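Accompanying notes for the structure given below.
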Amino acid sequence: MRHLLLWAAMLFSLSAVAELDSTTLGAQLAEHSPQCSHFAQTRWLADLEAELASSGYFQRSEQGLVWHTLTPVDSRLVLNADNPDMPLAYQVILPVLTGLLGGDWAALQQHFALQLQGELSDWRAELTPIDDAVAERLQLLQVRGGEQVEQLQIDFVSGDRMTLQLSAADCAALPGASSAP
């Protein structure tokens, strides 16, 4: 009997750390997806051999994803597919970012091969483009997190690289919250 209990305990512990799957992770991210997040962005520009840092927050709204950079320059941009003034880099990453933040791995897997590692509390994902249109601009995405996406690194085909560190924020406590959409 003691051996049976030991075997059952081992089996239960193995199932608790079973291989991470995109459905379970997607559900967790969708459930814990913040309405607002702080970001710290580092952008490596290969042509200029320069690194640029910025920080701010984003907020989900009916208009789209409101991206508000606070430093080094205060600027606000509404990221949505209908915004013709959105810079090319943001046009490329918008569907990726909204898919990741909302846990929509099924939509991402239409354009990327997905490799997951870890467990729900500490996971890593590598997304490699399988869609020709995406592969023209993006080389690789590396994402890590726990209950939410915490870090995203995007390697562009041009040699540019963007890293985002994300942390959930209280929308009401953000600068300009009274005028936020």
Side-chain angles (χ1 to χ4, degrees), residues 17 20-45 50-81 83 86-87 89-109 111-112 114-127 138-156 160-181:
V17 292
L20 186 62
D21 68 86
S22 62
T23 303
T24 306
L25 179 58
Q28 174 176 286
L29 293 175
E31 181 180 341
H32 296 282
S33 182
Q35 185 69 22
C36 297
S37 281
H38 293 285
F39 69 83
Q41 177 179 300
T42 306
R43 181 81 191 254
W44 169 256
L45 301 173
E51 188 171 88
L52 305 173
S54 61
S55 63
Y57 66 89
F58 68 80
Q59 180 174 6
R60 294 169 184 238
S61 76
E62 291 179 13
Q63 297 172 307
L65 193 62
V66 178
W67 194 267
H68 193 153
T69 302
L70 298 171
T71 63
V73 176
D74 191 335
S75 69
R76 184 177 179 272
L77 178 65
V78 177
L79 305 178
N80 69 39
N83 183 351
M86 192 167 53
Y90 289 101
Q91 290 175 22
V92 172
I93 67 164
L94 178 61
V96 173
L97 192 57
T98 56
L100 286 171
L101 295 172
D104 192 355
W105 291 100
L108 291 169
Q109 287 178 297
H111 305 285
F112 296 93
L114 174 63
Q115 186 175 29
L116 290 172
Q117 296 176 341
E119 52 194 59
L120 282 174
S121 62
D122 183 21
W123 55 269
R124 290 164 306 292
E126 196 168 278
L127 292 89
L138 302 179
Q139 183 177 5
L140 179 68
L141 281 81
Q142 295 174 322
V143 189
R144 69 169 187 78
E147 285 188 340
Q148 303 166 0
V149 173
E150 296 168 0
Q151 182 182 40
L152 169 65
Q153 179 176 313
I154 303 172
D155 296 335
F156 294 89
D160 290 1
R161 183 177 55 251
M162 180 170 46
T163 303
L164 288 170
Q165 298 287 343
L166 303 173
S167 59
D170 176 6
C171 295
L174 294 172
S178 61
S179 62

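In this text the structure is predicted, and so the values were computed from the model without any measurement.
Here CE of Met162 is found 9.0 Å from OG of Ser54. Values are rounded to the nearest 0.5 Å. Annotation: the span from Arg124 atom CZ to Gln115 atom CD amounts to 10.5 Å, rounded to 0.5 Å. The structure places CD of Gln151 at 4.5 Å from CZ of Arg144, a figure rounded to the nearest 0.5 Å. Atom CD of Gln139 is separated from atom CG of Asp160 by 11.5 Å, given to the nearest 0.5 angstrom. Note that the OH atom of Tyr57 and the CZ atom of Arg76 stand 7.0 Å from one another [nearest 0.5 Å]. The distance from atom CG of Asn80 to atom OG of Ser61, rounded to the nearest 0.5 Å, is 8.5 Å.
The two residues Pro87 and Leu77 make their nearest non-hydrogen contact at CD-CD2, 3.6 Å. Shortest non-hydrogen contact noted between Trp123 and Gly146 is NE1-O, 2.7 Å. Closest approach of Leu108 and Gly99 over heavy atoms only: CD1-C, 4.0 Å. The minimum heavy-atom distance linking Gly26 with Trp105 is given by the pair CA-CD1, 3.2 Å. Cys36 approaches Gln59 most closely through the heavy-atom pair SG-CG, 3.3 Å. For Arg60 against Gly102, the heavy-atom pair with the smallest separation is NH2-N, 3.5 Å.
Looking only at distances, no side-chain donor or acceptor of Gln148 sits under 3.5 Å from a matching main-chain atom of Pro34. In this structure, Thr69 contributes its side chain and Gly56 its backbone to no donor-acceptor pair below 3.5 Å. Between the side chain of Asn83 and the main chain of Val78, a donor-acceptor pair closer than 3.5 Å is present.
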>> Between Leu101 and Leu29, is the side chain to side chain contact (heavy atoms under 4.5 Å, CB included) condition met? List the steps.
In response: CA-CA 7 Å; Leu101 295 172; Leu29 293 175; over 6 Å; no
>> Run Gln153 and Arg161 through side chain to side chain contact (heavy atoms under 4.5 Å, CB included) and show every step you take.
In response: CA-CA 7 Å; Gln153 179 176 313; Arg161 183 177 55 251; 3.2 Å; yes
> Does the pair Leu97 and Val149 meet the rule for a side chain to side chain contact (heavy atoms under 4.5 Å, CB included), with working shown?
Replying inline: CA-CA 10 Å; Leu97 192 57; Val149 173; over 6 Å; no
> Are Leu52 and Trp44 close enough, and set up right, to give a side chain to side chain contact (heavy atoms under 4.5 Å, CB included), and what steps lead you there?
Replying inline: CA-CA 6 Å; Leu52 305 173; Trp44 169 256; over 6 Å; no
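Side-chain contact between Gln109 and Leu127 is absent, with no heavy atoms from C-beta onward closer than 4.5 Å. Residues Leu141 and Leu152 are in side-chain contact: their nearest non-hydrogen atoms beyond the backbone lie under 4.5 Å apart.
Between the side chains of Thr163 and Thr42, no donor N or O sits under 3.5 Å from an acceptor N or O.
Every residue two or more places apart in sequence or in another chain that forms a ring pair (Phe, Tyr, Trp, His ring centres under 6.0 Å) with Phe58 is listed here: Trp67.
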